[in-house]
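I have placed the structure first, in the form of structure tokens, so that the comments after it can refer back to it.
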Amino acid sequence: MVSVHELLGRIGYNYFVFTSLLKNVRFYILVISVSFSLGAYLWVLQTIPEGTLQIIRITQIYAFTALILLYTALLIGPLCYQFRWIPKRALIVKSRRAIGVSAFYFALLHALCAFFEELGGFPGLFYLPANYLIAISLSFTALCILTAMAATSFNRFIGKWWWKPLHRFVYLAGILILIHALMLGTHFQDLSTMIPRISFFLLSFLLFLEARRIDAYLERTFLFLVGWNVTLVLFAITFGAGLFYYYYPISSSDGTNTNALPSGVPNFPGLVGDRTKRFSVTFDHPESIIPNKDTELTFKINDAANGNPVLLFNKPYEKTMHLIIVDEGLTYYDHIHPEQQGSTFIITTKFPQEGRYHLYTDFQPIGAIEQQFGFTVTVGNAEGITSTNFEPDTELTKQVDNYSITLNYTAPLVASKLSIGQQELKFTIKDKDGQDVKTLEPYLASFGHLVMINTQTFDYLHVHPTNITAPKPEDRSGPDVSFLPLGLYGPIKSGLYKVFGQFKIDGKLVLVDFIVRVE
Ligand code: HEM
């Protein structure tokens, strides 16, 4: 039985603990971190349609939050050392440990989401390529270091002989994390984009401050080094070499940079990645396909280098796979999206009538550029196949639904120019009264989608819109949408092409097509 005196004592003690917590900046940092992690999770659930993209986004948000917090924790020391005029330095230094613990918290959340959801947990390890395994081993080591630091960040450990040396390992963790992000991170595939640039600028700033601190220490210990600024000079040389490499990257053995797009071509979604990676697609469908009957199509993706199933895909234009189906006469066009199940993509669709159909899959495994594979199926009776005589359109304005859509380009279209992104195709959309349509809505992260199919060889070209910034759902555009053809896997062939453009206007999907000659 607890006496009243004892009870009051306990309440008083708990109240004391509670009020001390409320006065402690570390408490607020941890509460904000936990709230932010929950808020970010709910925000992703609300704003991103259900599917793998949700996992990828939340994994990335946690990764970057961990990175920013870790950077802040590392920066506080050298910053307060260099700039002693900074106000509330004591408070900032005091908050450092809580920022470090928060960095660990977000790194743990990121690692759990990435490992168990994105990479498929322990069974998934068997399917991962070597570079993934290396990257994950490095990041796992970094996570162990962060765990050890977070576990020893309580007051009772401070001052122990091992505390400082242990906490110096954070620099090793930082390096391992950076290598890991460079090897795996979607946002680090192309180092010329904003996120890697900002990251390297911030890293250089930190290294610069640290170099000054290390020099001050060296000069105190070894008097003959006074005035030499050894570390600063080393840092300057490394920084200069980094810049040099960035602007003059090492080319591949045949003298071309395998990752470079032709100069002046924007970094289209899907074209950022290793151009040398190869994949295989196994296409499966029922032996006999009957017109207008549900038909299941499956596409299994393997890494052509080692035969491993491919599990990780980017979502260029919001989907892990785009499937285009056309008939032999190029009068039928369908753009659909098979569902990913592991390394296989499945969809059930109907073919409207007998004949031969061409199917094109478009997908982007993480780390590679977008991959396009073409297949042919015969629906119903093969004898029904007829060849079509295609003629180029002389009139480049067409009426579709209530709209008048014009295709503009600088004639003639020349294969060699199209191959290197030097000729644009522009669509202009007007309403029935001839007024510009300015209410184009985003459809699959773009104001338009364009496909070109060679009428003789059935070569497929996915043509990207020149505006590479994904619009927000509430954005509107029009009347013009421009596209830039590009020979992704080699020069574009000359010949007649049927161009299929898809636009979303007032909630309705509009399809327009033209036949153009490429010389
Ligand atoms: C065993 C532990 C870890 C695993 C399995 C793991 C896994 C991954 C994966 C799969 C990605 C690619 C995500 C994507 O871009 O879609 C990634 C990226 C990244 N990870 Fe980790 N990670 C681990 C630990 C860490 C730690 C400790 C940090 C510390 C901050 C970290 C920071 C990052 C960053 C900054 C990226 C780049 C994100 C982007 O480019 O969008 N990771 N990680």
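What you see is a predicted model; the values in this text were computed from it and never measured. These numbers come from the heavy atoms of this one structure, side chains and all, not from hydrogens, waters or symmetry mates. Note that ligands are numbered from 1 as they come in the structure, with each ligand's atoms numbered from 1 the same way.
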(message) Under a 3.5 Å distance rule, please check whether Y62 uses its side chain to pair with a backbone N or O of S37 as donor and acceptor.
(response)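 Checking the backbone N and O of S37 against the side chain of Y62, a donor-acceptor pair under 3.5 Å is found.
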Among all the protein's non-hydrogen atoms, which is closest to [atom], and how far away is it?
atom: atom 29 (C) of ligand 1; result: I177 CD1, 3.3 Å
atom: atom 15 (O) of ligand 1; result: T186 OG1, 2.5 Å
atom: atom 41 (O) of ligand 1; result: H187 ND1, 2.6 Å
atom: atom 13 (C) of ligand 1; result: E118 OE2, 3.7 Å
atom: atom 19 (C) of ligand 1; result: H180 NE2, 3.5 Å
atom: atom 34 (C) of ligand 1; result: A63 CB, 3.5 Å
atom: atom 37 (C) of ligand 1; result: G185 CA, 3.7 Å
atom: atom 7 (C) of ligand 1; result: A114 CB, 3.3 Å

Quick check: closest heavy atoms across [X] and [Y], and the distance to 0.1 Å?
X: L206; Y: L74; answer: CD1-O, 3.8 Å
X: D303; Y: F279; answer: CA-CD2, 4.0 Å
X: H462; Y: L450; answer: CD2-O, 3.7 Å

Going by the atom numbers of ligand 1, which of them fall below 4.0 Å from some non-hydrogen atom of [X]?
X: A111; result: 2 (C), 3 (C)
X: S139; result: 1 (C), 2 (C), 3 (C), 4 (C), 22 (N), 23 (C), 24 (C), 25 (C)
X: A107; result: 27 (C)
X: F64; result: 38 (C), 39 (C), 40 (O), 41 (O)
X: I56; result: 16 (O)
X: L67; result: 30 (C), 35 (C)
X: L184; result: 8 (C), 9 (C), 10 (C), 11 (C), 12 (C)
X: A66; result: 30 (C)

(message) Would you call the rings of F201 and F205 parallel, tilted or perpendicular, taking 30° and 60° as the class edges?
(response)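 Rings of F201 and F205: parallel, as their planes differ by under 30°.
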(request) Would you check whether Q60 has a nitrogen or oxygen atom less than 3.5 angstrom from a nitrogen or oxygen atom of ligand 1? (result)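 Yes: some nitrogen or oxygen of Q60 is under 3.5 Å from one in ligand 1.
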(request) Taking the side chain as every heavy atom from C-beta outward, state whether Y132 and L125 have any atom pair closer than 4.5 Å. (result)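 Counting from C-beta outward, Y132 and L125 never come under 4.5 Å.
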(message) Could you check whether any side-chain heavy atom of F64 comes within less than 4.5 Å of a side-chain heavy atom of F106, counting everything from C-beta outward?
(response)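 F64 does not reach F106 side chain to side chain.
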(message) Please compare A181, A173, G174 and report which has the shortest non-hydrogen distance to atom 36 (C) of ligand 1.
(response)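 Among A181, A173, G174, the closest heavy atom to atom 36 (C) of ligand 1 comes from A181.
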(request) State yes or no: are the ring centers of F427 and F483 separated by less than 6.0 Å? (result)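 Under 6.0 Å, so yes.
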(request) Apply ring pair (Phe, Tyr, Trp, His ring centres under 6.0 Å) to the pair Y443 and Y317, showing each step before the final yes or no. (result) CA-CA 9 Å; Y443 172 59; Y317 302 106; over 10 Å; no
(request) Check the side chains of T152 and H167 for a donor-acceptor pair under 3.5 angstrom, ignoring hydrogens and angles. (result)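 Note: H167 and T152 side chains meet the donor-acceptor criterion.
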(request) Verify whether one side chain among E370 and Q372 offers a donor that lies under 3.5 Å from an acceptor in the other. (result)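 Side-chain D/A pair, E370 to Q372: present.
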(message) Which atom name would you report as the N, O or S atom of H110 nearest atom 21 (Fe) of ligand 1?
(response)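 Checking each N, O and S atom of H110, the shortest distance to atom 21 (Fe) of ligand 1 belongs to NE2.
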(message) If we only consider heavy atoms of L70, is any one of them less than 4.0 Å away from an atom in ligand 1?
(response)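 No, that is not the case, since the closest heavy atom of the residue is not under 4.0 Å from the ligand.
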(request) Show your reasoning for whether side-chain contact (heavy atoms from CB on, under 4.5 Å) applies to V281 and F363. (result) CA-CA 11 Å; V281 178; F363 59 90; 3.7 Å; yes
(request) Would you kindly specify which portion of A142 sits under 4.0 Å from ligand 1, judged on non-hydrogen atoms: side chain, backbone, both or neither? (result)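 No part of A142 comes within reach of ligand 1.
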(message) Less than 4.0 angstrom from a charged side-chain N to a carboxylate O is my criterion; do R213 and E210 meet it?
(response)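 Salt bridge: yes.
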